[in-house]
J.: 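Here's a structure for you.
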Number of protein chains: 2
Amino acid sequence: MAKARTTIHDIAKELHITAATVSRALNGNQAISARTRQAVADAAVRLQYKPNQIAASLRTGKTFTVGVLVPAADRSFFGSIIRGIEEVLAAAHYSVIVAQTHEGQQAEERAVETLLRLQVDGILASVAKGSAEFHYFEKVRQAGVPLLFFDNVWRSMPVSSVVIDDYLGAYRATEHLIEQGCRRIVHLWGHRTSYLYQERLRGYKAALADAGIRVDDTLVYECKSDPAAGQRITADILAQHPDVDGIFSSSDFAAVGVLQSLQAAGIDVPGQIAIIGFANEPFTQFVTPALSTVDQHTHTMGQIAAELFLEEIQANKPFTPHVRILEPDLVLRGSSLRKA
Amino acid sequence: MAKARTTIHDIAKELHITAATVSRALNGNQAISARTRQAVADAAVRLQYKPNQIAASLRTGKTFTVGVLVPAADRSFFGSIIRGIEEVLAAAHYSVIVAQTHEGQQAEERAVETLLRLQVDGILASVAKGSAEFHYFEKVRQAGVPLLFFDNVWRSMPVSSVVIDDYLGAYRATEHLIEQGCRRIVHLWGHRTSYLYQERLRGYKAALADAGIRVDDTLVYECKSDPAAGQRITADILAQHPDVDGIFSSSDFAAVGVLQSLQAAGIDVPGQIAIIGFANEPFTQFVTPALSTVDQHTHTMGQIAAELFLEEIQANKPFTPHVRILEPDLVLRGSSLRKA
DNA sequence: TTGTAAGCGTTATCAC
DNA sequence: GTGATAACGCTTACAA
């Protein structure tokens with residue numbers, strides 16, 4: 001049976017001092033004499049004292065925990081962000097509570113409530129795509145809990161956020177294809193309603209326009225973010241636009257499906273059709289030819305999100321939202337690099 | 001400014017009853033009259049009452065949080081396990097605190113101490129490869145906190161665990177290559193000191209022996225788990241064993257490196273050399289030819305780990321460790337399937 | 001430099 | 001059925 005844990009009172013009794021002094025000694029309070037501090041430290045080891053953070057939290061109102069909301073922890077994109085967040089927060093003695101929303105509003109709302117009940121010191125969230133309202137996110141702020149978005153954000157809420165510049169990423173990807181000689185460039189578009197994909201579409205069109213290439217809306221295909229969808233859509237593209245010479249996919253997953261279908265159809269990539277995806281999923285470097293893509297600096301995104309949170313709780317000046325927009329980088333590989 | 005939160009005392013005052021009654025009503029205590037219960041529920045909504053789990057935890061000793069220790073959250077293997085764990089625990093109203101060890105003992109020890117300070121109700125861990133001792137894991141049990149291992153375990157500790165049958169996975173993978181006609185099969189071995197890799201080596205040898213094929217130790221190559229290592233070792237293999245016709249890699253990452261090098265050398269896969277990896281990493285399905293591999297049921301592993309934990313805390317009978325060994329499944333693809 | 005005392009928001013054990 | 005009270009383990013004015 002687990003015998004009663006040692007508390008600061010046990011240490012106090014042992015040393016014939018009070019619990020208050022023990023508490024101060026353990027917390028490095030400068031008012032405490034070196035002798036006492038040492039005695040307390042020794043006794044703590046001897047009695048195997050383990051601080052009870054819950055008790056301290058109840059008193060101070062700080063738990064040193066932060067909630068992180070992601071759609072799914074097994075998606076490489078979010079795993080990488082979680083990694084970045086945990087690294088930075090652990091160094092600052094914060095722990096990370098991970099909750100998954102599965103892109104659904106109900107799970108998201110439940111998770112937010114759970115986190116608030118646990119009295120987390122902050123919530124970092126990638127908003128679920130299935131969320132249409134956000135009264136529960138308002139509650140977070142009403143509760144005085146710092147809130148911060150990354151990746152997919154509610155732009156109408158005045159909270160800090162970390163995102164990548166989807167417009168710029170798409171622009172650069174398209175520009176690259178143009179530089180490789182492509183003129184009839186298909187865009188595989190994502191969720192019509194998503195700001196993120198709207199921005200990618202905007203970037204695609206801007207790059208074409210800036211290069212003096214006519215924007216042809218029939219070259220824009222709505223396509224889910226998975227290989228099977230990419231495979232299915234390839235036939236349509238080839239049938240409707242036999243003159244296509246480049247494809248910019250807003251998803252690596254769709255891109256790899258297209259790549260496979262093109263190869264099955266005997267079409268040379270990148271010779272006849274050059275391809276570039278988006279996200280720099282780990283698998284992109286392993287396909288043949290390796291898939292060009294746009295890196296979103298997910299690890300950095302997590303780190304910055306954590307840093308913004310730390311700044312926010314440390315600042316005593318009134319809070320003003322910071323929006324950090326990361327510059328995506330092109331990762332150019334065989335699928336889009338034609339010989340010079 | 002965050003005004004003072006409503007507590008059960010506020011509700012009590014409002015209804016001219018005591019906090020004890022409010023607490024009982026909120027917790028569904030049957031002794032409370034339906035009228036009171038309803039009044040409390042109404043007042044809770046009206047006053048926007050939000051329970052303070054920290055206060056309850058201090059009193060009850062239960063936090064409804066569980067610590068999960070993994071080497072790195074961005075490795076697909078662990079992301080998938082975390083997903084499984086979180087899904088099961090969230091349904092049981094537990095939250096998951098994720099900490100990363102980066103395969104190092106120091107970080108692991110720090111993480112364990114942090115989790116104990118946070119009074120987690122349990123710890124689920126994949127032991128860091130860099131850990132040589134485990135006095136801090138002993139402390140977890142001394143503290144009366146349920147401990148459970150998955151993936152990489154301390155076999156000398158009497159705690160429950162969930163692992164896959166590495167021996168069986170390796171046996172089946174090797175057997176499959178033999179069935180495809182391979183006779184000179186190289187094994188790419190992992191960490192020499194790791195039980196897990198020792199088991200895979202054992203499975204490889206057993207399958208050969210059972211098929212009446214001579215076990216040749218020079219066919220066993222120690223190789224790190226990354227594509228570059230696989231690429232480097234390919235030249236050695238081809239030089240030293242030009243008659244090799246199959247490769248069983250204990251790592252998908254090494255396997256894909258080998259695959260690339262073989263193709264660069266103009267060797268037909270699977271015709272001349274068939275390849276099978278281990279882990280069913282997401283990228284294996286996208287390489288060309290798609291890489292055969294051994295699936296470890298990571299999502300299930302996470303779910304089972306969580307279920308074992310829940311059983312352990314619910315059981316009132318004395319604790320006996322359960323060891324769950326999952327059967328790995330072959331995932332056969334182009335890299336090892338020769339035409340019939 | 002240290003002690004005293006109050007309190008964080010709950011829940012549990014008595015009573016009545 | 002409900003109330004009164006203590007307690008969980010810690011921190012922090014305020015005193016001394």
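First the proteins, then the strands, lettered A, B, ... as listed; each starts at 1.
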J.: Please report the distance, rounded to the nearest Å, between NZ in A:Lys13 and P in C:dT2.
T.: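 A:Lys13 atom NZ is separated from C:dT2 atom P by 20 Å.
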J.: Would you mind telling me which of D:dT2, D:dT12, C:dG9 lies closest to the side-chain atoms of A:Ser23?
T.: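 Among D:dT2, D:dT12, C:dG9, the one nearest the side chain of A:Ser23 is D:dT12.
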J.: Using a 4.0 Å heavy-atom cut-off, does B:Thr7 contact any base of the nucleic acid, only the sugar-phosphate backbone, or nothing at all?
T.: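 Sugar-phosphate contact only.
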J.: In whole angstrom, what separates B:Arg24's CZ from C:dT13's P?
T.: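 Going from CZ in B:Arg24 over to P in C:dT13 covers 11 Å.
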J.: With hydrogens left out and only the distance checked, is there a donor-acceptor pair under 3.5 Å joining B:Arg37's side chain and the base of D:dG1?
T.: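 Between D:dG1 and B:Arg37, which were checked side chain against base, a qualifying N/O pair under 3.5 Å is absent.
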J.: Any side-chain N or O of A:Asn27 under 4.0 Å from OP1/OP2 of D:dT11?
T.: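 Result: yes.
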J.: Salt bridge or not for B:Arg75 and B:Glu103, using N-O below 4.0 Å?
T.: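 Judged by the 4.0 Å cut-off on N to carboxylate O distance, B:Arg75 and B:Glu103 do form a salt bridge.
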J.: What's B:Thr60 touching, base or sugar-phosphate or nothing? Going by heavy atoms closer than 4.0 Å.
T.: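 Touches sugar-phosphate only.
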J.: What contact category does B:Ala31 fall into here, base, sugar-phosphate, or nothing, at under 4.0 angstrom with non-hydrogen atoms?
T.: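 It contacts base atoms.
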J.: Regarding A:Ser33, tell me which of base, sugar-phosphate or nothing describes its non-hydrogen contacts under 4.0 Å with the strands shown.
T.: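 Sugar-phosphate contact only.
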J.: First locate atom CZ of B:Phe150, then atom CG of B:Leu124, and finally report the distance between them rounded to the nearest 0.5 Å.
T.: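 Nearest 0.5 Å value for the CZ-CG distance: 6.5 Å.
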J.: What is the distance from CD1 of A:Ile11 to P of D:dT11, rounded to the nearest Å?
T.: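 Going from A:Ile11 (CD1) to D:dT11 (P), I get 11 Å.
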J.: Let's see if you can work this out: which of D:dT2, C:dT11, C:dT2 has an atom nearest to the side-chain heavy atoms of A:Thr21?
T.: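 Taking heavy atoms from C-beta onward, the closest nucleotide is C:dT2.
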J.: What integer distance in Å separates B:Ile8:CD1 from C:dG9:P?
T.: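 From B:Ile8 CD1 to C:dG9 P: 10 Å.
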J.: How many whole angstroms separate atom CD of A:Gln38 from atom C1' of C:dT1?
T.: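 That distance rounds to 17 Å.
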J.: Can you tell whether the side chains of A:Glu113 and A:Arg117 come within less than 4.0 Å, N to carboxylate O?
T.: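 Looking at A:Glu113 and A:Arg117, the cut-off is not met.
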J.: Which whole-number value in Å describes the distance from A:His16 NE2 to C:dT2 C1'?
T.: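 Value for this atom pair: 16 Å.
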J.: Check every strand shown and say whether A:Thr36 touches a base, only sugar-phosphate, or nothing at a heavy-atom separation below 4.0 Å.
T.: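 Counting heavy atoms under 4.0 Å across all strands, the contact made by A:Thr36 is with sugar-phosphate only.
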J.: Of the candidate nucleotides D:dG1, D:dG3, C:dG3, which contains the atom at the shortest distance from the side chain of A:Ile17?
T.: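 For the A:Ile17 side chain, the nearest candidate turns out to be C:dG3.
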J.: Rounded off to whole Å, could you give me the CG-to-P distance for the A:Leu58 and C:dT10 pair?
T.: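 So the CG-P distance, A:Leu58 to C:dT10, works out to 9 Å.
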J.: Would you call the rings of A:Phe134 and A:Trp154 parallel, tilted or perpendicular, where under 30° means parallel and over 60° means perpendicular?
T.: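 A:Phe134 and A:Trp154: tilted rings.
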J.: From C-beta outward on B:Ala20, which listed nucleotide comes closest to its side chain: D:dA4, D:dC10, D:dG1?
T.: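 So the nucleotide nearest the side chain must be D:dA4.
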J.: Are the side chains of B:Leu310 and B:Leu89 in touch, meaning some heavy atoms are under 4.5 Å apart?
T.: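 The answer is yes, as the side chains (C-beta and beyond) meet within the 4.5 Å cut-off.
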J.: Name the orientation class of the two ring planes belonging to B:Tyr94 and B:Phe64 (parallel below 30°, tilted from 30 to 60°, perpendicular beyond 60°).
T.: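 B:Tyr94 vs B:Phe64 ring planes: tilted.
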J.: Distance check needed: D:dT2 P versus B:His9 NE2, whole Å only.
T.: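 Interatomic distance, NE2 of B:His9 to P of D:dT2: 17 Å.
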J.: Tell me if the side-chain of A:Arg117 makes a donor-acceptor pair with the base of C:dT10, cut-off 3.5 Å, by modelled atom types.
T.: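 No, no donor-acceptor pair under 3.5 Å.
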J.: With a 3.5 Å cut-off and just heavy-atom distances, do the side chain of B:Arg59 and the base of C:dT10 make a donor-acceptor pair?
T.: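 Answer no: no donor N or O sits under 3.5 Å from an acceptor.
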